[in-house]
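First comes the structure, then the notes that go with it.
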Amino acid sequence: MEEHYHPETIERDVQQFWRDNQSFKVSTDPEKEKYYCLAMFPYPSGKLHMGHVRNYTIADVISRFQRMQGKNVLQPMGWDAFGLPAENAAINNNTAPAPWTYSNIDYMKGQLNSLGFAYDWSRELATCQPDYYRWEQWFFTRLYEKGLVYKKMATVNWDPVDQTVLANEQVIDGRGWRSGELVERKEIPQWFIKITDYAEELLSDLDKLEQWPEQVRTMQRNWIGKSRGVEITFDLATPVAGIERFDVYTTRPDTLMGVTYMTLAAEHPICLALAESNPDLKAYIASCKKQAVNEATMATMAKTGMALGVDAIHPLSGEKVPVWVGNYVLMDYGSGAVMAVPAHDQRDWEFAQHYQLPVAQVVAPSGNESCDIKAEAFVIKGILVNSGKDFDGLGFDAAFDAIATRLAAAGKGRVTTNFRLRDWGVSRQRYWGAPIPMLYNQDGLEIPVPAHKLPVLLPEDVQMDGVQSPIKADLAWRKDELDGQAVERETDTFDTFMESSWYYARFTCPDYTDGMLDKTAADYWLPVDQYVGGIEHAILHLLYARFFHKLMRDEGLLSCDEPFTRLLCQGMVLKDGIKMSKSKGNTVDPQALIDQYGADTVRLFTMFAAPPEQSLEWSDEGVAGSHRFLRKLWKAVATHLEKAAVAGVPALDGNALQGPLRDLRRKTHETIAKVGNDYGQRQTFNTAIAAVMELLNEVNRLDNSAGQTLAVEREALEAAVLLLAPIVPHISHRLWQALGHQSAVIDAPWPAVDSAALLRDSIPMVVQVNGKVRAQLDVAVDMPQAEIEALALAEENVQRFIDGLSVRKVIVVAKKLVNIVAN
RNA sequence: GCCAGAGUGGCGAAAUGGUAGACGCAGUGGAUUCAAAAUCCACCGGUGGCAACACCGUGCCGGUUCGAGUCCGGCCUCUGGUACCA
């Protein structure tokens with residue numbers, strides 16, 4: 001064995017060994033327990049960043065650990081290759097999205113390999129390849145045939161200068177990122193998938209996902225937002241353009257008698273009709289169009305409104321209620337109308353203050369909550385007041401039922417379950433995505449592309465002009481023929497969340513040509529046992545993937561109900577306390593560190609610096625420290641082997657050990673137990689590494705090679721190498737060889753804990769007086785509690801603190817502490 | 001705005017209701033060296049004390065408990081998401 005640690009040659013050779021032996025290629029094997037470990041596949045943006053390194057190292061460590069547990073481990077990798085950045089990069093670099101993307105994939109694949117990740121590359125896929133997206137297109141047409149797909153008008157951000165649709169990301173302070181012009185809202189027809197049909201199941205199945213972080217389940221629950229409420233019909237006092245009434249939905253029908261005005265969306269047909277003869281209203285509606293469509297902007301912007309000059313009739317009191325138009329009501333969602341109860345809704349309260357609208361309190365506190373309607377809305381559920389003799393005095397539930405019943409009897413309302421979740425709009429007006437497989441005949445009638453005409457190929461040899469999608473500009477591409485009839489192709493492409501919603505399933509059979517999935521392979525490997533990715537995907541990606549999974553199940557493509565059994569959401573990588581980003585100029589290039597220290601050092605630091613869910617603060621000094629540790633490990637093994645070559649290693653006799661050797665052997669087995677738990681259950685890789693560091697520190701304290709020393713040392717070093725193998729696979733491979741093993745460390749079984757080695761004669765305990773530590777004890781393992789108490793009370797420093805007090809209680813926590821309560 | 005997290009030494013962190021700061025980084029002192037690098041040893045939250053030790057200390061305020069960084073209530077700050085970034 002070489003005296004010094006040279007990562008560059010070791011890593012090159014070990015990676016070659018893995019390639020030569022196809023070490024990570026797997027196939028279905030019904031005899032063996034399978035383990036499918038998946039990291040969220042990357043967008044091929046150019047080169048790896050530290051977030052990728054962290055994500056993929058975590059997944060690789062889990063994969064390698066599970067392999068050492070004897071599982072048949074699948075760890076695939078691929079590319080989320082469609083998306084907006086490729087279009088911008090193509091324009092900036094005077095190329096097209098496809099070649100830019102392919103060259104990025106090529107480079108990043110090399111980087112992933114240089115980090116030593118254990119991928120089965122025979123399953124690699126890129127979502128921009130027709131082999132992949134053709135099945136997505138096929139599936140969409142199946143959903144269409146099942147009535148799960150429909151087209152409707154929806155609002156987008158419109159850049160009036162560039163005449164193009166902008167992503168939310170491209171709207172900065174309400175203006176287009178290139179033109180700088182105020183963006184406008186524009187309604188265009190778009191395709192939707194009925195995720196709301198699955199809302200109930202997506203919600204209830206969250207309860208099954210016991211190995212998901214509770215925070216993610218909570219966020220998804222809130223996002224789906226199931227509520228019970230009442231849909232209420234308000235008649236107009238006088239019809240407008242033939243419209244006689246409109247509906248609103250509320251979860252607070254108990255506040256119905258406190259309604260003092262109504263608000264409609266600017267695009268509401270009533271508003272549009274009235275605007276025909278009202279120039280001021282027309283101008284106001286036009287001003288409402290000049291705002292971005294995202295929710296955060298909507299929620300924080302100044303709420304404005306304008307009286308329409310018409311009244312609605314309150315469904316219970318029969319009184320007239322003025323109708324307003326407001327910029328904060330959206331036509332896309334719900335009915336485009338809301339009832340306003342300023343006394344009991346803070347947003348309505350502020351609006352009413354601003355426009356000096358009446359505020360009518362109809363709920364009073366049921367307990368001692370403060371309530372000052374002049375200062376703020378009272379939003380807590382309470383007891384009804386000022387609501388008429390039939391309702392006054394009722395609590396929330398009783399009032400809900402009484403008012404809902406009265407409305408139903410009058411034909412003015414019905415109890416409904418509502419979901420905050422909206423249907424999934426999948427149309428994008430961009431080029432670099434999977435073409436939506438729909439055709440339009442001469443009459444504009446929509447026809448799904450029949451299976452034999454799939455895939456609808458996206459042309460890759462295109463010129464980007466920065467404004468219009470090349471397939472929208474290409475009149476020839478748009479033309480097609482079906483059964484001898486001229487038809488026109490849909491030129492919108494899919495949301496890229498479509499591709500990332502089923503790639504995990506395609507990895508089980510990436511080359512299958514007879515269908516979207518090979519059911520045998522899918523049913524063997526799925527569900528994914530461990531999914532690893534950023535917390536930023538907690539809602540959208542993970543919800544869409546869960547939805548797609550159920551759609552595929554209902555199509556008979558696979559059998560299980562949920563795609564991901566266990567989920568780990570890793571934190572961000574920070575530098576100087578902030579997220580690494582090009583604009584902040586605080587990025588760290590993983591490649592430079594791999595070149596300088598080797599992949600093992602980068603992997604080790606990434607896993608050591610923080611637990612996976614937490615954000616990780618990058619530290620160049622810390623990386624150097626990790627490298628130092630690997631050198632120490634190398635040296636410890638090298639020194640041991642030198643001594644062993646001279647003295648020979650005796651057979652280990654655990655029963656004969658005494659003193660420091662017995663302590664070290666106990667430490668070895670405690671460490672094996674702790675690290676196994678840290679990897680498998682807790683997933684705290686940082687503490688696992690710390691435990692091995694402690695073990696190595698103990699080994700380095702031994703200073704002779706007499707008797708059993710080398711045997712105990714050998715066992716400790718072999719354990720250290722095995723325990724670290726998932727994290728630093730290259731150096732472990734080489735050290736395992738050096739320690740005389742024929743088979744590779746990737747196939748070594750996880751070391752077993754010898755419970756006899758864990759036994760102790762005595763246990764350290766702490767003595768507290770009133771919860772403060774006052775002394776330490778070393779007690780025999782079998783000492784009776786009464787004796788321990790006596791020993792504790794006899795301690796000099798304990799006596800000092802209970803002097804003059806009477807002991808009220810003595811609490812003994814076995815093997816930990818004694819607390820003496822005295823006053 | 002709304003939903004979900006996080007906050008502990010100079011820094012990254014550990015402590016699964018039971019000794020706050022394991023492990024590492026930085027730093028200080030020493031050994032080794034012609035010298036340096038590397039390596040090894042020791043110290044390393046604050047205040048007081050020669051020391052033994054004591055007091056204070058986990059964002060802020062309050063509560064539960066024999067005992068709270070950990071559980072509960074209320075704040076503050078930061079982070080992620082907010083449906084067309086991925």
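No hydrogens, no waters, no symmetry mates; every other heavy atom, side chains included, goes into these values. Numbered from 1 within each chain, the chains take letters A, B, ... in sequence-line order. The structure displayed is predicted, hence computed values, not measured ones.
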List for me each residue that meets side-chain contact (heavy atoms from CB on, under 4.5 Å) alongside A/Arg175, sequence neighbours excluded, and say none if there are none.
A/Leu182
Contacts table for residues 601-613 of chain A: side-chain donor-acceptor under 3.5 angstrom, sequence neighbours left out:
unit_1: A/Thr601; atom_1: OG1; unit_2: A/Tyr597; atom_2: O; d: 3.4
unit_1: A/Arg603; atom_1: NE; unit_2: A/Ile727; atom_2: O; d: 2.8
unit_1: A/Arg603; atom_1: NH1; unit_2: A/Asp60; atom_2: OD2; d: 3.0
unit_1: A/Arg603; atom_1: NH1; unit_2: A/Leu115; atom_2: O; d: 2.9
unit_1: A/Arg603; atom_1: NH1; unit_2: A/Gly116; atom_2: O; d: 3.4
unit_1: A/Arg603; atom_1: NH2; unit_2: A/Asp60; atom_2: OD2; d: 2.7
unit_1: A/Arg603; atom_1: NH2; unit_2: A/Pro726; atom_2: O; d: 3.1
unit_1: A/Thr606; atom_1: OG1; unit_2: A/Val602; atom_2: O; d: 2.6

Output a table of nitrogen or oxygen pairs between the protein and nucleotides 72-79 of chain B separated by less than 3.5 Å.
none

Which of the following nucleotides, B/G18, B/A13, B/C85, is nearest to the side chain of A/Lys816?
B/G18
For nucleotides B/G9 and B/U28, find the distance between their C1' atoms and express it as a whole number of Å.
16 Å
May I ask you to verify if any side-chain N or O of A/Ser619 is less than 4.0 angstrom from the OP1 or OP2 atom of B/C11?
no
Pairwise P distance for B/A38 and B/U82, with rounding to whole Å:
46 Å
Please determine if A/Asp423 and A/Lys152 form a salt bridge, counting it only when a charged side-chain N lies under 4.0 Å from a carboxylate O.
no
Base orientation of B/G9, chi within 90° of 0 counted as syn, else anti, reads syn
Mind checking what makes side-chain contact (heavy atoms from CB on, under 4.5 Å) contact with A/Lys186, not counting sequence neighbours?
A/Val156, A/Trp158, A/Ile188
Separation of the C1' atoms in B/A13 and B/A6, to the nearest angstrom
14 Å
Determine yes or no for a side-chain-to-main-chain donor-acceptor pair under 3.5 angstrom, with A/Thr684 supplying the side chain and A/Asn686 the backbone.
no
Interatomic distance at P, B/C44 relative to B/G29, whole Å:
16 Å
Taking atom C1' of B/G24 as reference, at what distance in whole Å does atom CZ of A/Phe629 sit?
11 Å
With a 4.0 Å cut-off on N to O distance, would you call A/Glu490 and A/Lys472 a salt bridge?
no
Per the under-4.0 Å heavy-atom filter, residues of residues 538-548 of chain A near RNA chain B come out as A/Ile539, A/Leu540
Determine whether a donor-acceptor pair (N or O, by modelled atom type, separation under 3.5 Å) exists between the side chain of A/Asn222 and the backbone of A/Gly225.
no
Should the ring pair A/His541 and A/Phe497 be called parallel, tilted or perpendicular, given that the plane angle runs from 0 to 90° and is split at 30 and 60?
parallel
Reading RNA chain B from 5' onward, which residue's closest nucleotide shows up sooner: A/Tyr43 or A/Val766?
A/Val766
Would a 4.5 Å heavy-atom cut-off, applied to side chains only, mark A/Arg420 and A/Ile224 as touching?
no
B/G74 versus B/U19 - spacing of their P atoms, nearest Å:
29 Å
A/Arg347 NZ/CZ over A/Tyr328 ring centroid, <6.0 Å and within 45° of normal:
no
Tell me yes or no: between the side chains of A/Glu2 and A/Trp634, is some donor less than 3.5 Å from an acceptor?
no
Separation of B/G12 P from A/Asp576 CG (nearest whole Å):
11 Å
Taking the same atom, C1', in B/A51 and in B/C60, what whole-Å distance lies between them?
37 Å
Any salt bridge between A/Asp678 and A/Lys674, counting N to O under 4.0 Å?
yes
Would you say A/Arg682 reaches B/A15's phosphate, i.e. side-chain N/O to OP1/OP2 under 4.0 Å?
yes
Considering only B/A83, B/A86, B/U19, which nucleotide approaches the side chain of A/Asn168 most closely?
B/A83
With a 6.0 Å cut-off (strictly less than), is the heavy-atom count around NZ of A/Lys151, excluding the residue itself, greater than 12?
yes
Side-chain donor/acceptor of A/Gln768 to backbone N/O of A/Ile820, under 3.5 Å:
no
Short heteroatom pairs, N/O only, protein and nucleotides 62-64 of chain B, under 3.5 Å:
none

Given B/A86, B/A83, B/A4, the nucleotide with the shortest approach to the side chain of A/Gln215:
B/A4
Roughly how many Å apart are B/G59 and B/A68, using the P atom of each and rounding to a whole number?
15 Å
In dot-bracket notation, what is the pairing pattern of RNA chain B, taking Watson-Crick (N1-N3 plus N6-O4 or O6-N4) and G-U wobble (N1-O2 and O6-N3) contacts under 3.5 Å, with [ ] crossing and | for other strands?
(((((((..(((.....[....))).(((((.......))))).((((....))))..(((((..]....))))))))))))....
How are the rings of A/Trp432 and A/Phe82 set relative to one another: parallel (under 30°), tilted (30 to 60°) or perpendicular (over 60°)?
perpendicular
Which value, in whole Å, describes the distance between the P atoms of nucleotides B/G21 and B/A14?
15 Å
Salt bridge (Lys or Arg N to Asp or Glu O under 4.0 Å) pairs touching residues 47-58 of chain A, sequence neighbours excluded, are none
Regarding A/Arg774 and the six-membered ring of A/Phe801, is the cationic atom NZ or CZ under 6.0 Å from the ring centre and inside 45° of its axis?
yes
Tell me which nucleotide among B/A83, B/C25, B/G12 gets nearest to the side chain of A/Glu621.
B/C25
Can you label the angle between the A/His52 ring and the A/Tyr56 ring as parallel, tilted or perpendicular, going by 30° and 60°?
parallel
Of the candidates B/C55, B/A4, B/A83, the side chain of A/Arg774 sits closest to B/C55
Using OP1 and OP2 only, check whether a side-chain N or O of A/Lys772 sits under 4.0 Å from B/C56.
yes
Mutual orientation of the aromatic rings belonging to A/Tyr503 and A/Phe41 [parallel < 30°, tilted 30-60°, perpendicular > 60°]:
parallel
Give me the distances for all protein-to-nucleotides 20-23 of chain B N/O pairs that come in under 3.5 Å?
unit_1: B/A22; atom_1: O2'; unit_2: A/Glu694; atom_2: OE2; d: 3.0

Rounded to whole Å, the CG-P distance (A/Asp620 to B/C11) equals 18 Å
Look up atom CG in A/Leu542 and atom CD in A/Glu536, then write down how far apart they are to the nearest 0.5 Å.
10.0 Å
Would you say A/Gln614 reaches B/A13's phosphate, i.e. side-chain N/O to OP1/OP2 under 4.0 Å?
yes
Check each residue of residues 296-303 of chain A for a non-hydrogen atom within less than 4.0 Å of any atom in RNA chain B, then write out the ones that pass by number, or none.
A/Ala296, A/Ala299, A/Thr300
Is A/Asn819 side chain donor-acceptor paired with the B/C66 base, going by distance under 3.5 Å alone?
yes
Could a donor-acceptor pair under 3.5 angstrom be found where the side chain of A/Glu295 meets the base of B/G1?
yes
Taking the side chain as every heavy atom from C-beta outward, state whether A/Glu698 and A/Glu694 have any atom pair closer than 4.5 Å.
no
Within residues 796-807 of chain A, the residues having a heavy atom closer than 4.0 Å to RNA chain B are A/Asn797, A/Arg800, A/Phe801
With rounding to the nearest 0.5 Å, note down the distance linking CZ in A/Arg185 to CG in A/Asn327.
9.0 Å
Just the atom pairs and distances: protein N or O near nucleotides 39-41 of chain B's N or O, under 3.5 Å.
unit_1: B/U39; atom_1: OP1; unit_2: A/Arg631; atom_2: NH2; d: 2.9

